[in-house]
Amino acid sequence: MDTLDVTWAGRAELARLQDDRLATALAAAKRSPFYAGRGVPGSRAEFAGYPLTTKADLRAGYPFGLLAVDRAELATYHESSGSSGTPTSSYYTPGDWRDLTERYARKHVGIRADDMFLVRTPYALMITGHLAHAAARSRGATVVPADNRSLAMPYAKVVRILHDLDVTLTWSLATDTLLWAAAARLAGRAPERDFPALRALFVGGDPLGPAKKKRIAEIWNAPVVEEYGATETGSLAGECPSGRLHLWADRALFEVYDPGTGRCSATGRGQLVVTPFQREAMPLLRYNLEDSVEVSDPDCACGWGLPVVRVLGRSAWTVRDGAAELTQGDVEDLVFGLPAEYGVMFWRARAEPDGLRIQIEVAAAHRHAAERELHDAAGRAYGLDARIESLPPGGLVPERLLTTEPEVVKPRGLFHAGEDWDKALEYY
């Protein structure tokens, strides 16, 4: 952890640093065709009234409409997952990558040269796997590239690798760690006991409330360290030793946008707007990530002096039930508020005409108690008369998904007599 870069004498010092770095970002934006056409503000005062950059702007500029350098200067090209709509393009120079890896490596559980680091997020066009890989290598760690979008790396194999290689650190979706735990138990291994080398689970990419985080840490007997970012921006926030998720406000300017009023503020609940300071290839000014967040600026025992964020989920995933507005994080808090002994790890919910419907996987012995308690919790928190449905283990996550290792086929043209040659040109 580069403590000099995340500890401040006070908020005034941080504001001065932001002013200096914002000037650099504005100068870079003038080289972008998109911002040159829109006009670039000349000061922070003008910046406050500048229009937001939207995902629609990025899509309209596909693929290189926001490029601010010659293509020969690029190191990588990426596209977002498209989880809330059409994917967006982004690109980075080698200089951008130095900033990206430094931000990702800001973990209070440090990445060390003796670590065996399993990267279980997509490589391909998204940045997440490449970013963790590069940051781990920058610290000398050994990387295990366990891409979660490859049929060559099913859950049963992940469990075997975690155990046999003495993996010390992992990077994945928070929910993926629950799938590993279920797969480990089906393989006869206890997550809390049979993986003693595991030092920490780095997670990001899906909502993580305190109840879910605590449950994962108990299941694996290892700390859970949260990260937040996006393919268009890289890491935007990291967790401090006190367990709070801090925005990297020395590397980007953050605002909270209220879609109802159209106004932005430094704190509150709304959509996160970000202006990265270090972007050579693709400057972004007031880019609305459309993630639902809560931002606050409390004094924290860690001493980092940076704003605190809670990520509630994609705004596109927010649903209404009567007067209540619910994010994925809101529902997840209810589910993981159930007692640990009920063993509930997997759920899904849908807003239907007659109200919110929530399904959970739970053993028969705890079915009635789990249904009653989850129903009552939804009523207390949001005034909802939610419909709770219990499914047996395997009802949401089939056992075969966690236990089988599919055959990995390479392109092949020549077969023996009697062999199945219908997949001669497939590769999966």
Side-chain angles (χ1 to χ4, degrees), residues 2 21 24-25 27-29 31-35 53 55 57-107 111 117-150 152-153 169-173 202 204-205 227-238 248 251-252 274-285 287 289 291:
D2 183 0
R21 293 185 173 177
T24 301
R31 299 190 293 270
S32 163
F34 173 78
Y35 289 112
T53 303
K55 289 183 180 288
D57 291 328
L58 268 60
R59 291 168 187 142
Y62 170 86
F64 292 114
L66 279 81
L67 183 63
V69 299
D70 189 276
R71 289 195 204 179
E73 298 180 43
L74 293 181
T76 58
Y77 170 89
H78 301 275
E79 291 185 3
S80 65
S81 65
S83 59
S84 58
T86 305
T88 57
S89 300
S90 56
Y91 12 90
Y92 298 93
T93 65
D96 291 335
W97 266 100
R98 285 190 290 274
D99 173 61
L100 289 171
T101 55
E102 286 172 7
R103 278 186 278 146
Y104 181 91
R106 285 174 158 183
K107 301 284 192 292
I111 303 172
F117 192 135
L118 182 133
V119 178
R120 179 64 174 170
T121 59
Y123 279 71
L125 280 176
M126 283 180 280
I127 200 173
T128 171
H130 304 281
L131 177 53
H133 190 123
R137 288 299 306 130
S138 75
R139 297 300 190 267
T142 301
V143 176
V144 182
D147 180 12
N148 73 340
R149 288 295 181 266
S150 170
M153 201 68 190
L169 297 173
T170 65
W171 166 238
S172 71
L173 296 168
F202 297 162
E227 167 90 9
Y228 170 61
T231 288
E232 305 96 310
T233 61
S235 299
L236 296 173
W248 298 137
R251 299 295 182 97
V274 57
T275 301
F277 294 142
Q278 173 59 54
R279 286 300 296 275
E280 295 173 340
M282 184 179 167
L284 291 171
L285 302 183
Y287 175 51
L289 283 165
D291 285 346

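Between the side chain of Arg149 and the backbone N or O of Ala124 there is no donor-acceptor pair closer than 3.5 Å. Ser235 places no side-chain N or O within donor-acceptor distance of the main-chain N or O of Ala237, the cut-off being under 3.5 Å. A donor-acceptor pair is defined here as one N or O able to donate and one able to accept, closer than 3.5 Å; such a pair exists between the side chain of Arg137 and the backbone of Ala141. Judged by distance alone, with hydrogens and angles left aside, the side-chain atoms of Thr88 form no donor-acceptor pair with the main-chain N or O of Leu58 at under 3.5 Å. Judged by distance alone, the side chain of Thr53 and the main-chain N or O of Leu285 form a donor-acceptor pair under 3.5 Å.
In this structure, Val274 and Leu236 have side chains that are in contact, with non-hydrogen atoms separated by less than 4.5 Å. Side chains of Tyr77 and Leu125 form a contact here, defined as non-hydrogen atoms less than 4.5 Å apart. Between Thr93 and Trp97, every side-chain heavy-atom pair lies at or beyond the 4.5 Å cut-off. In this structure the side chain of Thr231 never reaches within 4.5 angstrom of the side chain of Glu79, judged on heavy atoms. Between Leu100 and Ile127 there is a side-chain heavy-atom pair separated by less than 4.5 Å.
Listed here is the closest heavy atom pair of Gln278 and Glu280: NE2-CG, 3.5 Å. Across all non-hydrogen atoms, the minimal contact from Glu227 to Lys107 is OE1-NZ, 2.8 Å. Thr101 and Ala134 get closest at one heavy-atom pair: CG2-CB, 3.6 Å. Closest non-hydrogen pair, Ser89 versus Pro63, comes out as CB-O, 3.7 Å. Here the closest heavy-atom approach between residue Arg59 and residue Pro87 is recorded as CG-O, 3.9 Å.
Considering only residues two or more places apart in sequence or on other chains, Tyr287 meets the ring pair (Phe, Tyr, Trp, His ring centres under 6.0 Å) condition with none of them. Asp57 pairs by the salt bridge (Lys or Arg N to Asp or Glu O under 4.0 Å) definition with Arg38, not counting sequence neighbours. Listed by chain and residue number, Tyr123 satisfy the ring pair (Phe, Tyr, Trp, His ring centres under 6.0 Å) test with His133 (two or more places apart in sequence, or in another chain). With sequence neighbours excluded, no residue satisfies side-chain hydrogen bond (donor to acceptor under 3.5 Å, both in side chains) with Ser32.
Judged as a salt bridge (Lys or Arg N to Asp or Glu O under 4.0 Å), the pairs with a partner in residues 86-101 (not counting sequence neighbours) are, in order, Asp99-Arg103, Asp99-Arg251.
Atom OG1 of residue Thr170 and atom CZ of residue Arg120 lie 11.0 Å apart, to the nearest 0.5 angstrom. Distance check, rounded to the nearest 0.5 Å: CG of Leu169 to CD1 of Ile111 gives 6.5 Å. Here the CD atom belonging to Glu232 is positioned 4.0 Å from the NZ atom belonging to Lys55, to the nearest 0.5 angstrom.
Between Phe117 and Phe202, the ring planes are perpendicular. Angles over 60° get that label, and only those under 30° would be called parallel.
The one candidate from His130, Met282, Met126 that meets the side chain to side chain contact (heavy atoms under 4.5 Å, CB included) condition with His78 is His130.
Annotation: Trp171 is in aromatic contact with Tyr104 [ring centroid separation under 6.0 Å].
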With a 3.5 Å cut-off and sequence neighbours excluded, list the donor-acceptor pairs that the side chains of residues 65-75 form with protein atoms.
residue, atom, partner, partner atom, Å
Asp70, OD1, Ala72, N, 2.8

